[in-house]
Amino acid sequence: MNDVQRFENLKKTIEDDPTNFQARREIAMMCLDMGFDTMALKHLNYLVQTFPNDANLYFNIGICWEKLKQFKFALNSYKKAVELKEDEPDFIYNLALAYENSGQDDEALMQFKRLICLETDDSNSFFCIGCILAKKGDFENAVKCFKKAIEYNFGDYFAHFHLANIYHKTGEIDKAVEEYKKVIQLSGDYSWAYFNLGQIFYERGDIENAVIMLNLTVEKNPKDREAYKLLVQLYIKLNDIETAQSVLDEMKENLGENGDFYFLYSKIYEIKKDLKKYRKCLEMALNNENTLSFDKFAVMKEFKDCPVIEDEPEKEGGPEEAEEEKDE
């Protein structure tokens, strides 16, 4: 019997006998597994009226509410589950996450620590504590927690990544590089590790490796606007205008036209001394200010200071013309 047949049989059983609690419990869990969260919640709420001290029911109700993005109700359900079954690790873990999702970090910390008392090698709890402490600015203890998470689960590349971020923030750059490289070894498609390495190499003046890492970033994540922006600026700095234009064209293809795209193209036309297109791109950047992450007031001043060229009617399209007029 396949799942669909089993589901239909359970549904008919409940229609014939609404008090068949075993069938209702089974169909509730099937609904939860299949993504029918509202239907699962309906059956679980029916059951909890009859079995008000069943901790598992409250736990699964919490999961339903969480999947339905009703975090306040999820938190209350997890609280009840833990109240009824104090030493169940899964219940405590979900309660801790629910507190964190609701912005109650101190309560979340208390529950994660409670869980570690039950399971001293729980890498997930050490990782979560590290994230909360890092958010609070307690980098010293956050580092200790991320190291513990890695000790119990070396393959946790998120722990390596967050540890690297702290090293980066606190100026321990060599350690940051080492951890970012571990992230790449463990998860070769994690684009943020490449981007952050690119930033570090750029800060160190190692332009060659910065370019390599940023190209890998957009290869892994073609939607990473910040990587495109930095990459274009690096190619402009290297006076490789043709490649800078190619990267901008790729940025447009993957992200569409935006304020940053036009502003960066204005820099290319400025270098080419094509003041007409330079001014046009600045204007288009300001016309798309909702997607312009560069300083809007600085761009406005630059546009104001740019001379108006009136020798011939200005064509529409701005940087699109560059696709036909790239230097040979």
Side-chain angles (χ1 to χ4, degrees), residues 66 69 71-72 74-75 78-79 82 89-204 210 213-214 216-217 220-221 223-227 229-230 293:
E66 193 169 350
K69 310 296 183 187
F71 300 113
K72 180 179 178 180
L75 177 60
Y78 291 139
K79 279 183 184 178
V82 171
D90 287 345
F91 295 2
I92 298 170
Y93 184 74
N94 279 34
L95 175 60
L97 289 178
Y99 273 127
E100 187 178 1
N101 288 334
S102 66
Q104 301 181 65
D105 289 342
D106 291 336
E107 289 79 0
L109 275 174
M110 183 175 67
Q111 296 301 327
F112 283 126
K113 290 176 180 178
R114 176 180 176 183
L115 184 53
I116 287 172
C117 291
L118 293 174
E119 298 185 338
T120 56
D121 61 350
D122 182 16
S123 63
N124 287 331
S125 291
F126 278 111
F127 172 78
C128 292
I129 292 172
C131 289
I132 294 173
L133 293 176
K135 186 164 56 173
K136 288 174 170 286
D138 186 355
F139 296 135
E140 182 180 352
N141 285 312
V143 164
K144 292 178 182 177
C145 288
F146 289 133
K147 284 183 175 180
K148 274 290 184 184
I150 291 166
E151 177 186 336
Y152 295 126
N153 180 13
F154 184 82
D156 186 350
Y157 61 91
F158 287 117
H160 287 284
F161 181 76
H162 282 268
L163 181 58
N165 284 347
I166 292 179
Y167 285 143
H168 195 177
K169 288 178 183 177
T170 57
E172 298 179 84
I173 305 302
D174 289 338
K175 290 183 179 180
V177 169
E178 182 182 350
E179 290 301 324
Y180 285 132
K181 287 181 177 179
K182 288 177 184 176
V183 174
I184 291 170
Q185 290 170 2
L186 293 167
S187 180
D189 290 329
Y190 196 64
S191 66
W192 277 107
Y194 295 102
F195 179 75
N196 289 356
L197 278 173
Q199 281 189 316
I200 288 174
F201 289 133
Y202 175 71
E203 291 162 2
R204 286 179 161 181
M213 288 299 152
L214 291 168
L216 284 167
T217 302
K220 304 298 180 183
N221 179 16
K223 301 292 186 181
D224 192 327
R225 180 185 296 187
E226 292 303 313
K229 285 168 53 182
L230 188 51
S293 63

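One is the number of the first residue; the rest follow in order along the sequence. Predicted model only: the values in this text are computed from it and were never measured.
One finds the CG atom of D189 at 10.5 Å from the CG atom of L216 (value rounded to the nearest 0.5 Å). In this structure, NZ in K223 is found 13.0 Å from OG in S191, a value given to the nearest 0.5 Å. The NZ atom of K72 sits 15.5 Å away from atom CG of N101, with the distance rounded to the nearest 0.5 Å. For the atom pair CG (N165) and SG (C131), the distance works out to 10.0 Å, reported to the nearest 0.5 Å. To the nearest 0.5 Å, the span separating OH on Y99 from CD1 on I132 amounts to 12.5 Å. Rounding to the nearest 0.5 angstrom, the gap separating the SG atom in C128 from the CG atom in L133 is 11.0 Å.
The number of heavy-atom neighbours closer than 6.0 Å to NZ of K135, taken from other residues, nucleotides and ligands shown, is above 12. Heavy-atom contacts from other residues, nucleotides or ligands closer than 6.0 Å to OH of Y167 number more than 12.
Between E179 and K182, some side-chain heavy-atom pair lies under the 4.5 Å cut-off. Counting heavy atoms from C-beta outward, H168 and E203 have side chains that approach closer than 4.5 Å. Proximity of F146 to F127: side-chain heavy atoms (C-beta onward) are separated by under 4.5 Å at one or more points. Using a 4.5 Å heavy-atom threshold, the side chains of N196 and Q199 count as touching. F154 has its side chain within reach of H160: a pair of non-hydrogen atoms, C-beta onward, lies under 4.5 Å apart. With a 4.5 Å cut-off on side-chain heavy atoms, I129 and N141 do not count as touching. Residues D106 and K136 meet the side-chain proximity criterion, which asks for heavy atoms closer than 4.5 Å.
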* To do: Check the pair I150 / D156 against side chain to side chain contact (heavy atoms under 4.5 Å, CB included), numbers first and verdict last.
  => CA-CA 6 Å; I150 291 166; D156 186 350; 5.6 Å; no

* From CA spacing to verdict: side chain to side chain contact (heavy atoms under 4.5 Å, CB included), M110, K113 -> CA-CA 5 Å; M110 183 175 67; K113 290 176 180 178; 5.9 Å; no

* Asked: Run the ring-ring contact (aromatic ring centres under 6.0 Å, His included) check on F158 and Y190 step by step: do they pass?
  -> CA-CA 10 Å; F158 287 117; Y190 196 64; 5.7 Å; yes

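Among all heavy-atom pairs drawn from A142 and G130, the shortest one is CB-O, 3.5 Å. Nearest heavy-atom pair across I92 and Q111 is CG2-O, 3.4 Å. A pairwise comparison of heavy atoms in F71 and E66 identifies CE2-O, 3.8 Å as the closest pair. Residues V183 and Y157 share a closest heavy-atom pair of CG2-O, 3.6 Å. When all heavy atoms of F112 and S125 are compared, the closest pair comes out as CD2-OG, 3.8 Å. Taking each heavy atom of N94 and Y78 in turn, the nearest pair found is ND2-OH, 3.2 Å.
The main-chain N or O of A149 is never found under 3.5 Å from a side-chain atom of N153 such that the two would form a donor-acceptor pair. The closest donor-acceptor contact from the side chain of S102 to the backbone of A98 lies under 3.5 Å. The main-chain N or O of I166 is found under 3.5 Å from a side-chain atom of T170 such that the two form a donor-acceptor pair.
Taking a cutoff of 4.0 Å between a charged side-chain nitrogen and a carboxylate oxygen, K229 and E226 qualify as a salt bridge. Looking at K175 and E178, no side-chain N of the basic residue comes within less than 4.0 Å of a carboxylate O on the acidic one, giving no salt bridge. A salt bridge does not link K148 with D122: none of the charged nitrogens is closer than 4.0 Å to a carboxylate oxygen.
Among L214, I200, N221, the one residue that satisfies the side-chain contact (heavy atoms from CB on, under 4.5 Å) test with F195 is L214.
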